[in-house]
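Structure first, commentary second.
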Amino acid sequence: MDEQAELQEFQARIARGEKIEPGDWMPEEYRKQLIRMISQHAHSEIVGMLPEGAWITRAPTLRRKIVLLAKVQDEGGHGQYLYHAAETLGATREEMIDALLAGKAKYSSVFNYPSLTWADMGMIGWLVDGAAIMNQTMLAHCSYGPYSRAMVRICTEETFHKKQGMEQVIKYARGTPQQKAMVQDALNRWWAPSLMMFGPHDSDSPNSAQLIAWGVKTKTNDELRQEFINKMVPDLQLLGLKIPDPNLHYDETSGNWITSEIDWDEFWRVVKGDGPCNRERLAARRQAHENGAWVREALNAYAEKYEQ
Amino acid sequence: MDSQGQKYQVFEKERADLAHRNAGSVHAPDAEMALENARDVFVRRPNCLSLWVVPERAIFSKTVQELRDNAWREADAASDAPTETWLVFQKQGQTARETFVAHVGAVAACSPQQALSRALETFPNKNVFVWWVVPERVIFKSEDADAPSMFAPAHTKTYRNHLAYPVEPIMRELKSAQEMLDE
């Protein structure tokens with residue numbers, strides 16, 4: 001078959017809702033875009049362990065500690081599922097890890113903000129994992145089989161992440177004046193970064209239309225962002241929390257909550273490596289990688305000896 | 001660049017009435033470590049009854065699209081190898097929740113190509129989109145005796161389940177209280 005016929009069949013398969021599997025014909029650009037998306041997603045899970053991992057030793061109760069440990073461990077596992085999916089497209093684990101450690105790979109900008117109090121553990125769970133679930137529920141229907149399967153697994157597990165966060169925010173919002181102040185402060189700091197998680201404005205998202213045509217995404221960044229805002233605003237207000245946006249208002253005609261324009265300068269600054277914690281996050285990843293080198297060496301030596 | 005070791009595909013059996021199905025892959029220096037890694041990566045929650053790891057390079061895989069041309073049949077080189085048992089795996093669905101490559105049975109063969117030919121005859125099914133065949137000898141399986149220590153701990157970790165956080169009733173209550181105030 002020539003390229004044009006292959007391409008037509010590929011589009012027809014996507015239109016029929018078939019999953020594309022490793023080994024199937026796919027346009028080179030489909031492969032490239034998926035490797036870009038999936039590896040960034042994997043890196044986000046791995047770097048995403050850091051803001052919360054920092055609080056494991058300072059959990060207020062034993063229950064909160066095991067819950068947070070389990071959540072952070074899940075994020076590590078999700079990174080593994082996703083590296084696996086990217087590998088099925090021809091990327092190697094070594095290349096991806098190298099790109100992350102060298103500071104060449106992108107990951108979600110939200111993880112470059114610091115977690116300053118325990119209330120952040122609740123707010124991250126509800127806002128950041130909540131936003132991630134919205135994106136991932138869409139991606140579970142993605143046309144690429146291995147990515148879609150990884151998303152199904154991840155979504156099931158992340159529901160726990162979101163709800164444990166929600167539980168904490170509810171407790172704090174209905175707690176002592178001090179707890180209320182803490183959780184309001186957490187919302188003030190995490191609101192904007194969580195809206196940025198949906199990525200650049202549609203007008204700055206050149207790949208979106210193609211990704212939708214290929215059945216990778218079904219909604220644009222701005223559509224998902226608006227859905228998230230519409231879901232979160234009433235819930236947070238119900239708890240007596242104030243959304244940190246003086247221009248927030250409800251639009252009767254569209255039924256949407258309208259927010260201020262996102263600070264896109266800040267968004268691009270953080271994406272390009274100049275956020276509050278970018279350097280710290282990469283330093284932590286490098287240190288973990290280097291400190292684990294002797295373990296990898298020992299395991300390889302053992303495996304070689306055993307094989308002989 | 002540090003090597004991450006060999007790649008192993010992981011198969012997980014979630015219920016007694018379900019076959020082993022492909023969950024994803026792990027990297028490890030040997031099969032034993034691969035099984036340990038697979039347990040940490042894929043069995044943080046119930047239910048798992050058994051895990052298999054298979055070196056990826058030992059898997060002969062074809063999608064339906066790849067089977068359309070018969071060139072793979074002619075590449076049947078190692079036919080003087082001894083006959084052995086090959087396990088057959090199929091992907092039978094196209095929706096997100098059912099597109100897993102799952103174990104369906106076994107055939108005897110002396111090469112990957114022969115194993116796949118026999119699998120196609122033995123397990124014919126119009127709704128198969130992916131075929132994998134693997135010599136059973138290279139599959140490293142969890143032992144039944146190890147199941148309690150490998151898989152049972154996940155059962156007591158109920159806090160990993162979202163049902164342990166009944167937040168919706170609280171939100172509903174708040175909402176109806178708010179609505180009463182508004183009226």
> Which one of A/Arg13, A/Met151, A/Glu157 has the most heavy-atom pairs closer than 4.5 Å to chain B?
Replying inline: A/Glu157

>> I need the single residue from A/His78, A/Gln73, A/Gln80 that forms a side chain to side chain contact (heavy atoms under 4.5 Å, CB included) with B/Val41. Which is it?
In response: A/Gln80

> Which pair of heavy atoms, one from A/Glu87 and one from B/Ser25, lies closest together, and at what distance?
Replying inline: OE1-OG, 4.0 Å

> Do the side chain of B/Arg160 and the main chain of A/Asp74 share a donor and acceptor less than 3.5 angstrom apart?
Replying inline: no

> Going from CD on B/Glu179 to CG on A/Leu238, what distance comes out if it is rounded to the nearest 0.5 angstrom?
Replying inline: 9.0 Å

> When only pairs under 4.5 Å are counted, which of A/Pro146, A/Ala150, A/Gly79, A/Gly23 shares the most heavy-atom pairs with chain B?
Replying inline: A/Gly23

> Going through the checks in order, is the side-chain contact (heavy atoms from CB on, under 4.5 Å) test met by A/Asp24 and B/Phe129?
Replying inline: CA-CA 10 Å; A/Asp24 284 342; B/Phe129 303 93; over 6 Å; no

> Side chain, backbone, both or neither: which part of A/Pro22 has an atom under 4.5 Å from a heavy atom of chain B?
Replying inline: backbone

>> If you count heavy atoms of other groups shown closer than 6.0 angstrom to CD of B/Glu32, is the number above 12?
In response: no

>> Between A/His289, A/Lys162, A/Arg16, who has the most heavy-atom pairs with chain B when the cutoff is under 4.5 Å?
In response: A/His289

>> Sub-4.5 Å heavy-atom contacts with chain A: which residues of residues 59-67 of chain B show up?
In response: B/Thr63, B/Gln65, B/Glu66

>> Do A/Arg174 and B/Ile170 have side chains that approach each other closer than 4.5 Å (heavy atoms only, starting at C-beta)?
In response: yes

>> So for B/Gln178, is it side chain, backbone, both, or neither that comes closer than 4.5 Å to the heavy atoms of chain A?
In response: side chain

> With a 4.0 Å cut-off, would you call B/Arg68 and A/Glu9 a salt bridge?
Replying inline: yes

> Should the heavy atoms of other residues, nucleotides or ligands under 6.0 Å from CG of A/Asn291 be counted, would the total exceed 12?
Replying inline: yes

>> So B/Tyr165 and A/Met166, do their side chains get closer than 4.5 Å, heavy atoms only?
In response: no

> Picking from A/Thr88, A/Leu239, A/Leu101, A/Ile66, which has the most non-hydrogen pairs under 4.5 angstrom with chain B?
Replying inline: A/Ile66

>> Need one label for B/Leu174: side chain, backbone, both or neither, based on atoms under 4.5 Å from any heavy atom in chain A.
In response: both

> Which value, rounded to the nearest 0.5 Å, describes the distance between A/Lys71 atom NZ and B/Tyr159 atom OH?
Replying inline: 14.5 Å

>> Please give me the minimum heavy-atom distance between A/Ala303 and B/Pro29, naming the atom from each residue.
In response: CB-O, 3.4 Å

> Do any of residues 293-300 of chain A come closer than 4.5 Å to chain B, heavy atom to heavy atom, and if so which ones, in number order?
Replying inline: A/Ala293, A/Arg296, A/Leu299, A/Asn300

>> Minimum heavy-atom separation for B/Gly5 and A/Glu94, please, with both atom names.
In response: N-OE2, 4.2 Å

> At their closest point, which heavy atom of B/Asn161 faces which heavy atom of A/Phe160, and how far apart are they?
Replying inline: C-CB, 4.2 Å

>> Which heavy atom of B/Val167 sits nearest to which heavy atom of A/Lys163, and what is that distance?
In response: CG1-O, 3.9 Å

>> Between the side chains of B/Glu56 and A/Arg93, is the shortest nitrogen-to-carboxylate-oxygen separation below 4.0 Å, so that they form an ion pair?
In response: no

> Do A/Ile170 and B/Met171 come close enough that some side-chain heavy atom pair is under 4.5 Å?
Replying inline: yes

> Considering only heavy atoms, which portion of A/Ile97 lies under 4.5 Å from any heavy atom of chain B: side chain, backbone, both, or neither?
Replying inline: side chain

> What option among A/Glu21, A/His84, A/Glu167 has the most heavy-atom pairs under 4.5 Å with chain B?
Replying inline: A/His84

>> Counting only non-hydrogen atoms closer than 4.5 Å, does B/Ala177 touch chain A with its backbone (N, CA, C, O), its side chain (CB onward), both, or neither?
In response: neither

> What part of A/Tyr306 gets closer than 4.5 Å to chain B, counting heavy atoms only: side chain, backbone, both or neither?
Replying inline: neither

> By a 4.5 Å heavy-atom criterion (distance strictly below it), what part of B/Glu168 contacts chain A: side chain, backbone, both, or neither?
Replying inline: side chain

> Checking heavy atoms, do the side chain of A/Arg63, its backbone, both or neither come under 4.5 Å from chain B?
Replying inline: side chain

